Amino acid sequence: MTVRTRFAPSPTGMLHIGGVRTALFSWLYARRHQGTFILRIEDTDRERSTDQAIQVILDGMKWLGLDADEGPFYQTQRYPRYREVIGQLLESGHAYHCYCSRADLDEMRAAQMARKEKPRYDGRCRHRTAPVEGVTPVVRFRNPDQGQVVVDDIVHGPIVFRSEELDDLIILRSDGNPTYNFCVSVDDWDMGITHVIRGDDHINNTPRQINMLRAMGATPPVYAHLPMILGPDGTKLSKRHGAVSVLEYKDAGFLPAALLNYLGRLGWSHGDQELFSLEELVQLFDLDAVNKSASALNPDKLAWTNQQHMMRLGGSALAPLLGEQLASRGVQVEGIDLAAVAEALKERTRTLAEMAEGSLFFFHDPTGYEPKAAAKNLTAETAPLLVAARAVLAGLPTPWSGAGIDAALKALAAELGAGLGKVAQPLRVAVCGSGVSPPIDATLAILGAETVLRRVDRAIAHARGS
RNA sequence: GCUCCCAUCGUCUAGAGGCCCAGGACACAGCCCUCUCAAGGCUGGUACGAGGGUUCGAAUCCCUCUGGGAGCGCCA
């Protein structure tokens, strides 16, 4: 039997990192077993579903490379099929019309709560034979009232529910729209899903779905319920946490492989290994190594993971991504080798956004000098140093090479009986405006002779004037 | 309230009875390297929720409690 998994988000809110983790595990499991991964949009809630949310799901999955083999399917396009199955269920006696008003139901629930019972439909319309005048009924699924349902969950092991705990849920609203648990069951069946991999907030829905599946004559799939992902403070994910659109992680400069690596390590592990390429994830992932307990997001570790992935990429692979970040900041990058910039910065910044911020001085002359750095490095005392360095640099053949710069500066330092830092730091401030940059040789080489000499001249003037 | 799920460092986790007075990673502190910042290396502190069992032996098995979470809708 070939594995078929699905990711079935409802477009009522933005696809966030928790949803992505669920999608990732389904996708990985399918890929790992040469199976099929299906994308299904559960949009039966017409009130709250939005096109924008659908677009984020599609764009997000595409950005991350979680490609679907089938779909996207939309539940709103499958209504004829749902009605057909409801007809069959009605026919076979597994479903019935219910005429209870919302007021009746509210009253019933209130009474049950008052008696400290679990609120549930009491089945009062189960044996009704005649319709109620002027009332459009809903359709309810007739749940078995004997025995038990065992959910044989891959990550949790067997979970037992007594049938009495389950009531007769509504499967067709009076407005003609079918409901969630029913649609899921029909879809999983029709789409031949073999493994339902989803958040463990669905554990309680599972026995109902199994019962419906059986009533329809289908064999229930295997279930694997994943632990929840919580915000950094250990509470439920919210907008202020990480429940923001996954595309915001793209804008923030995270690499898809890094985000997936980080998310893959939430609730799953492979010994002590922290860093995985996507290929390794596909190769090593398995459901039996999935945890049961919820895990909190750790932004620092995500950033660290991203940096590690950036460091494993070459500057040329990073260059276009850095280019996008710079473009969104309106930075002109002409005349500068972006690959060299990325290479120089990749082990100094944790995200592409940080890389873009840290690279700004490459693209325009400093508009001012960081006061503390200038006070130490652009002074009357260091001015002669800068003059000497300028002279040495001006004598170098163009285009400059990092090795040539390094040798020249070291020679100068030796001549002055000082360490390289003595010359490098004033130069650094002169050229970057601050005391932090990649190694001086690489920095100057990327900037090029013309720019460097111009900036050094300005800095000398500043140093003398201060 | 009822049902279900969960429980190892601050966080992510390793651990499937002796290899664990608990290992790795992020973060933190110190040191080394060093032209700054990083990266890298080394060192350090902090955890088996509690109580009962079972066993020669328990983080690992069982029970109770406690704590956290989810579900109980004509939401998904």
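These numbers come from a predicted model, not from an experiment. Both backbone and side-chain heavy atoms feed into the values below; hydrogens, waters and symmetry mates do not.
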Q. How would you list, by chain and number, every residue that makes a ring-ring contact (aromatic ring centres under 6.0 Å, His included) with F362(A), sequence neighbours excluded?
A. none

(Q) Suppose you measure atom C1' in A7(B) against the same atom in G30(B); what distance do you get, rounded to whole Å? (A) 34 Å

Q.
Side chain of D272(A) only, heavy atoms from C-beta on: which candidate in C12(B), C74(B), G24(B) is closest?
A. G24(B)

Q. Which nucleotide, G73(B), G1(B), C35(B), lies nearest any side-chain atom of Q425(A)?
A. C35(B)

(Q) Tell me whether the side-chain N/O atoms of N291(A) come closer than 4.0 Å to OP1 or OP2 in A14(B). (A) yes

Q: Under 4.0 Å from any atom of RNA chain B, heavy atoms only: list the residues of residues 197-214 of chain A that qualify, in numerical order.
A: D201(A), H202(A), I203(A), N204(A), N205(A)

Q: Using a cut-off of strictly less than 4.0 Å between a heavy atom of the residue and any atom of RNA chain B, enumerate the qualifying residues of residues 253-268 of chain A by number.
A: R265(A), L266(A), G267(A)

Q. If you look at every strand shown and take non-hydrogen atoms under 4.0 Å, does P227(A) touch a base, only sugar-phosphate, or nothing?
A. nothing

Q: Take the protein atom CD of E117(A) and the nucleotide atom P of C2(B), then report the distance between them rounded to whole Å.
A: 11 Å

Q: With P as the reference atom in both, quote the distance from U54(B) to C63(B) in angstrom, rounded to an integer.
A: 15 Å

Q) Pick the nucleotide of RNA chain B nearest each of V155(A) and T12(A); which residue has the one closer to the 5' end? A) V155(A)

Q: Send over the distance from L345(A) CG to C37(B) P, rounded to a whole Å.
A: 15 Å

Q: Could you work out which one of A76(B), C26(B), U3(B) sits closest to the side chain of R162(A)?
A: U3(B)

Q | Residue list, salt bridge (Lys or Arg N to Asp or Glu O under 4.0 Å) with R21(A), at least two apart or on another chain | A | none

Q | Integer-rounded Å distance: U34(B) C1' and K422(A) NZ | A | 17 Å

Q. What do the steps show when you test N291(A) against S293(A) for side chain to side chain donor-acceptor pair (under 3.5 Å), and what is the final call?
A. CA-CA 6 Å; N291(A) 271 166; S293(A) 51; 5.0 Å; no

Q. To the side chain of K118(A), which of U11(B), C2(B), U36(B) is closest?
A. C2(B)

Q | C42(B) and C26(B), which share atom name P, separated by this distance in whole Å | A | 11 Å

(Q) Whole angstroms only, please: what is the CD-P distance between Q273(A) and C12(B)? (A) 20 Å

Q. Atom CZ of F276(A) and atom P of C12(B): how far apart are they, to the nearest Å?
A. 17 Å

Q) Hey, is the side chain of R109(A) poking within less than 4.0 Å of OP1 or OP2 on G73(B), counting only N and O atoms? A) yes

Q: Using side chain to side chain donor-acceptor pair (under 3.5 Å) as the criterion, list what pairs up with D190(A), not counting sequence neighbours.
A: R78(A), R81(A)

Q: Check every strand shown and say whether Q308(A) touches a base, only sugar-phosphate, or nothing at a heavy-atom separation below 4.0 Å.
A: sugar-phosphate

Q. Quick one: is T44(A) getting a side-chain N or O under 4.0 Å of the A76(B) phosphate, OP1 or OP2?
A. yes

Q) Which base sits across from G40(B) as a Watson-Crick or G-U pair, both distances under 3.5 Å? A) C32(B)

Q: Pick base, sugar-phosphate or nothing for I440(A), based on heavy-atom distances below 4.0 Å to the nucleic acid.
A: base

Q.
Could you tell me how far C33(B) sits from G40(B) if I compare only their C1' atoms? Round to whole Å.
A. 8 Å

Q) Among all residues two or more places apart in sequence or in another chain, which pass the side chain to side chain contact (heavy atoms under 4.5 Å, CB included) test with T179(A)? A) I170(A), I171(A), R173(A), F182(A)

Q) Relative to each other, are the rings of W268(A) and H270(A) parallel, tilted or perpendicular (30° and 60° limits)? A) parallel

Q. Should Q307(A) be listed as having a side-chain N or O under 4.0 Å from OP1 or OP2 of A39(B)?
A. yes

Q. Which whole number of Å gives the distance between the C1' atom of A50(B) and that of A59(B)?
A. 14 Å

Q | Where G419(A) and A413(A) come nearest, the two heavy atoms and their spacing | A | O-CB, 3.7 Å

**Q.** Listed nucleotide nearest any side-chain atom of E274(A), set U36(B), G24(B), C4(B)
**A.** G24(B)

Q: Answer with base, sugar-phosphate or nothing: what part of the nucleic acid does N298(A) contact at a heavy-atom distance below 4.0 Å?
A: base

Q) Could you give the NZ-to-C1' distance, from K301(A) to U13(B), as a whole number of Å? A) 7 Å

(Q) Applying salt bridge (charged side-chain N to carboxylate O under 4.0 Å, His left out) to D122(A) and R109(A), what does each step give before you reach the verdict? (A) CA-CA 9 Å; D122(A) 63 7; R109(A) 269 191 286 268; over 6 Å; no

Q: For nucleotides U60(B) and C48(B), find the distance between their P atoms and express it as a whole number of Å.
A: 12 Å

(Q) Given C35(B), C74(B), C6(B), identify the nucleotide with an atom nearest to the side chain of S293(A). (A) C6(B)

**Q.** Residue pair R40(A), E42(A): steps toward the salt bridge (charged side-chain N to carboxylate O under 4.0 Å, His left out) verdict
**A.** CA-CA 6 Å; R40(A) 182 170 82 215; E42(A) 312 217 320; 3.0 Å; yes

**Q.** Inter-nucleotide P distance (G17(B), C61(B)), Å rounded
**A.** 9 Å

Q: Using heavy atoms to find the nearest nucleotide of RNA chain B for P119(A) and G271(A) separately, return the residue whose nucleotide is more 5′.
A: G271(A)

Q. How are the rings of Y223(A) and H225(A) set relative to one another: parallel (under 30°), tilted (30 to 60°) or perpendicular (over 60°)?
A. parallel

Q) With a non-hydrogen cut-off below 4.0 angstrom, is M228(A) in contact with a base, only sugar-phosphate, or nothing? A) nothing

Q: Give one of base, sugar-phosphate or nothing for D43(A), where a contact means two heavy atoms less than 4.0 Å apart.
A: nothing

Q | S295(A) side chain near U13(B) phosphate (N/O to OP1/OP2, under 4.0 Å) | A | yes

Q.
Taking 4.0 Å as the cut-off, does a side-chain nitrogen or oxygen of S269(A) come that near to OP1 or OP2 on A14(B)?
A. yes

Q. CG of L226(A) versus C1' of G69(B): gap in Å, rounded?
A. 15 Å

Q: Could you check how far CE of M355(A) sits from P of C37(B), rounded to whole Å?
A: 19 Å

Q: Would you mind classifying the nucleic acid contact of E165(A) as base, sugar-phosphate or nothing, using non-hydrogen atoms under 4.0 angstrom?
A: sugar-phosphate

